[in-house]
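Some notes on the structure that comes next.
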Amino acid sequence: MKNFLLIALLFVICSPARAQYDVVPLPQSVQIQDGEPFVLREEVRIVAQEGLQREAVFLRDYLLETIGKELSIVSKPQKGMRAISLSVSSKMDQKEGYTLTVDKDRISIVGGSAAGVFYGIQTLRKSLGGATNLSPVVIKDAPRFSWRGMHLDCSRHFFPVSFVKKYIDLLAMHNMNVFHWHLTDDQGWRIEIKKWPKLITVGSHRTGTIIGTNSDIDDETPYGGYYTQEEAREIVAYAKERHITIVPEIDMPGHMLAALASYPELGCTGGPYQVGHYWGVYKDVLCVGNEKVYQFVEDVLTEVMDIFPSEVIHIGGDETPTEKWEHCAKCQALPLGDNTLQGYFTKRVFDFLTSHQRRALGWDELLENKAPQDAMIMSWRGTEPGAKAAEKGHDVVMSPTTHCYFDYQQVEDALFEPSRCGGFIPIEKVYGLDPAPDSLSVDAKRHILGVQANLWSEYMTTESIVEYQALPRMAALAEVQWTQPVRKDYGDFVKRLTRMTELYDKYHYRYCKHLWPERQMPSRWQF
């Protein structure tokens with residue numbers, strides 16, 4: 001009997017670890033099959049259909065990082081070859097869908113497009129966890145929403161090209177396909193515009209930054225940075241390879257103090273203006289009664305559209321005080337009819353983008369200013385504005401402060417938290433969001449394109465804080481974006497997330513460890 005137990009124990013110890021298909025986000029269907037496992041060895045080849053070479057390279061690199069084996073890539077299978085095959089089929093119901101099949105002789109990933117193949121690769125990558133044995137399985141999967149995004153504010157604090165790429169890799173890991181890049185605000189203009197060069201020589205730098213939460217103390221330390229157009233194109237190409245669209249945001253007509261400091265003639269008073277030091281809403285905005293402002297806007301958007309091929313351009317439109325307009329003769333002289341001043345400005349910007357075959361997206365304040373019917377709305381002041389917009393026929397992206405502002409604290413006791421931003425959004429609350437609930441009409445649900453979370457950087461001064469604020473809540477958001485509600489279970493998600501953190505650790509991402517107290521640093525009083 002003792003010998004039998006010893007043999008059984010040795011078998012368990014010596015048996016190679018098996019891949020586990022309990023990944024994040026959870027696929028729509030995972031059917032384990034009978035049979036022998038597929039074993040990943042160096043002689044296995046990656047067979048890539050024409051047009052999938054980039055995906056094959058990603059798979060090769062992921063496998064090298066995950067299991068330490070570098071597989072060769074070939075274009076055609078040979079007799080008796082054990083392979084991982086990548087292909088696209090027009091028979092797939094969804095372009096971003098895929099079927100991942102494993103048997104003892106091969107692994108097959110068939111996508112509705114190259115993007116579908118890429119998401120199948122992500123599932124395979126996350127399933128391995130260092131294992132080389134894969135149980136037979138058929139995974140059929142496709143996303144719930146077409147807009148699966150994350151936002152990053154690079155205006156309040158600037159992040160280098162290397163980190164923006166690392167952030168994009170994080171999106172790819174979570175099956176996300178939209179990077180909303182906030183490039184301009186009161187505290188800094190971050191994108192080069194060749195026709196208006198002072199935007200970077202003046203507007204990209206401030207002479208100091210407020211200390212703490214809008215205290216009266218300024219650090220009086222110069223701060224700045226910007227992306228050249230060449231750098232921005234490099235990032236666009238990097239994201240495209242990972243099937244991520246970058247949606248740039250140029251916030252207007254408010255949040256334009258950095259632009260006004262560069263070109264004072266664009267404001268109602270003519271200045272002088274200074275690039276913002278403190279956070280919040282400034283009263284100085286673009287003068288909507290000044291024709292030069294529209295030339296400025298069109299020049300900026302023309303260069304932005306040349307850099308960013310995205311159909312959608314975000315024009316902001318939030319938090320725009322009207323006080324300066326009320327005392328401006330040019331603004332008061334505009335022929336508004338039943339429109340508002342901001343509505344007049346927005347329509348002109350919308351018409352310009354539409355004439356260039358682009359779509360304008362703005363924050364939900366646009367609804368209060370007679371937004372054009374084809375306006376896309378990003379609902380941030382809760383989900384209610386988005387629901388109303390969808391019922392009126394607007395396409396909507398949900399991004400409510402209640403669930404999706406990842407600069408908010410994720411731990412209620414914030415004593416040892418790195419960010420000083422207020423608010424509290426725990427991971428379970430993120431997981432519980434339903435962007436398109438049954439309370440909406442069938443037609444309105446069709447207008448809910450998806451959901452994204454926002455990372456505003458007032459209190460995110462370093463790359464590590466950005467990662468910490470995003471993770472692991474990004475995983476919860478990924479499941480909201482991808483997985484059908486009937487498949488969601490928070491307890492099961494936490495188990496799968498625990499395994500997902502192995503990837504976070506492998507790539508040295510910082511993340512909040514409140515779900516795993518044993519991993520946390522001891523209190524400072526215990527050192």
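These numbers come from a predicted model, not from an experiment.
At least one side-chain heavy atom of L433 sits under 4.5 Å from a side-chain heavy atom of C404. Between L366 and F350, some side-chain heavy-atom pair lies under the 4.5 Å cut-off. When side chains are defined from C-beta on, I121 counts as touching E55, because their heavy atoms get closer than 4.5 Å. Between L124 and L134 the shortest side-chain heavy-atom distance falls below 4.5 Å. Using a 4.5 Å cut-off on side-chain heavy atoms (C-beta onward), F345 and I315 make no contact. The closest side-chain heavy-atom distance from P321 to V285 is below 4.5 Å. For the pair S379/V397, no side-chain contact is recorded, criterion being any heavy-atom separation below 4.5 Å from C-beta on. E220 is not listed as a side-chain neighbour of T207, based on a closest heavy-atom distance of 4.5 Å or more.
Inspection of the Y459 and Q469 side chains reveals no N or O donor paired with an N or O acceptor under 3.5 Å. In this model, a donor atom of one side chain and an acceptor atom of the other lie less than 3.5 Å apart for H277 and D218. Remark: the S155 side chain and the D185 side chain contain no N/O donor-acceptor pair separated by less than 3.5 Å. Remark: the Y98 side chain and the D141 side chain contain an N/O donor-acceptor pair separated by less than 3.5 Å. Residues T184 and D251 bring no donor and acceptor atom of their side chains to less than 3.5 Å of each other. T401 and W380 are not linked by any side-chain donor-acceptor pair at a separation below 3.5 angstrom, with hydrogens and angles left out of the test. Side-chain contact check for T346 and N369: no donor-acceptor pair (N or O, by modelled atom type) lies under 3.5 Å. For the residue pair Q484/R487, the side-chain donor-acceptor check at 3.5 Å is not satisfied. Using modelled atom types, one finds no donor on one side chain facing an acceptor on the other under 3.5 Å when comparing W482 with E96. Side-chain N/O atoms of Q481 and N175 include no donor and acceptor closer than 3.5 Å.
The backbone N or O of R381 lies less than 3.5 Å from a partner atom in the side chain of D364, making a donor-acceptor pair. Between the side chain of H403 and the backbone N or O of G432 there is no donor-acceptor pair closer than 3.5 Å. Side chain of T123 to main chain of K126: no donor-acceptor pair is present (N/O by atom type, distance under 3.5 Å, no hydrogens or angles). With T462 contributing its side chain and I465 its backbone, the two residues share a donor-acceptor pair below 3.5 Å. A donor-acceptor pair under 3.5 Å links the side-chain atoms of Y431 to the main chain of D489, judged by distance alone. For S457 (side chain) and D153 (main-chain N/O), a donor-acceptor pair under 3.5 Å exists by modelled atom type. When atom types are taken as modelled, the side chain of T322 and the backbone of W325 share no donor-acceptor pair closer than 3.5 angstrom. In this structure, H151 contributes its side chain and L455 its backbone to a donor-acceptor pair below 3.5 Å. Checking side-chain atoms of K388 against main-chain N and O of T383 turns up no donor-acceptor pair under 3.5 Å. Counting only distance, with no hydrogens or angles, the side chain of R148 and the backbone of L171 share no donor-acceptor pair below 3.5 Å.
Under 4.0 Å is where a charged nitrogen must lie from a carboxylate oxygen, and between D434 and R144 at least one such pair does. The pair R499-D22 counts as a salt bridge, with a side-chain nitrogen and a carboxylate oxygen less than 4.0 angstrom apart. Look at K283 and E319 and you find no salt bridge, because none of the NZ, NE, NH1 or NH2 atoms lies under 4.0 Å from a carboxylate O. With salt bridges taken as basic N to acidic carboxylate O contacts below 4.0 Å, one links D169 and R242. A salt bridge is defined here as a Lys NZ or Arg NE, NH1 or NH2 lying under 4.0 Å from an Asp or Glu carboxylate O, and D492 with R496 meets this definition. E467 has a carboxylate O that lies under 4.0 Å from a charged side-chain N of K166, or vice versa, which qualifies the two as a salt bridge. Under a 4.0 Å N-O distance rule, the pair E463/R510 does not qualify as a salt bridge. A salt bridge links D395 and R359; the closest N-O separation between the charged side-chain nitrogens and carboxylate oxygens is under 4.0 Å.
Under the ring-ring contact (aromatic ring centres under 6.0 Å, His included) test applied with F179, the options F308, W147, Y238, Y167 reduce to a single match, Y167. Partner W363 forms a ring-ring contact (aromatic ring centres under 6.0 Å, His included) with one of H182, H180, H255 and no other, that one being H180. Tested against F158 for a ring-ring contact (aromatic ring centres under 6.0 Å, His included), the candidates F163, Y223, Y227, W189 yield a single pass: Y227.
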request  = Tell me, with the steps shown, if D505 and E502 meet side-chain contact (heavy atoms from CB on, under 4.5 Å).
outcome  = CA-CA 5 Å; D505 291 333; E502 296 174 9; 5.5 Å; no
request  = Apply side-chain contact (heavy atoms from CB on, under 4.5 Å) to D284 and K324, showing your working.
outcome  = CA-CA 7 Å; D284 286 300; K324 300 296 182 180; 3.2 Å; yes
task = Please test Q409 against S419 for side chain to side chain donor-acceptor pair (under 3.5 Å), starting from the C-alpha separation and ending with a verdict.
result = CA-CA 7 Å; Q409 302 290 351; S419 172; 4.6 Å; no
request  = Report the C-alpha separation of K513 and Y511 in whole Å, then their side-chain angles, then the decisive distance to 0.1 Å, and conclude whether the side-chain contact (heavy atoms from CB on, under 4.5 Å) test is met.
outcome  = CA-CA 6 Å; K513 298 173 182 174; Y511 58 95; 3.6 Å; yes
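Of all heavy-atom pairs spanning Y408 and C421, the tightest one is CD1-SG, 3.8 Å. Contact detail for S441 and E391: the closest heavy-atom pair is OG-OE1, 2.9 Å.
Judged by the 6.0 Å and 45° rule, K488 forms no cation-pi pair with F493. Y468 does not carry R473 over the face of its six-membered ring by the limits of under 6.0 Å from the centre and within 45° of the normal. For the pair R190 and Y226, the cation does not sit on the ring face, since its NZ or CZ is not both under 6.0 Å from the ring centre and inside 45° of the axis.
The number of heavy atoms from other shown groups lying within 6.0 Å of NZ (K445) is above 12.
For F118 and F58, the distance between ring centers is under 6.0 angstrom.
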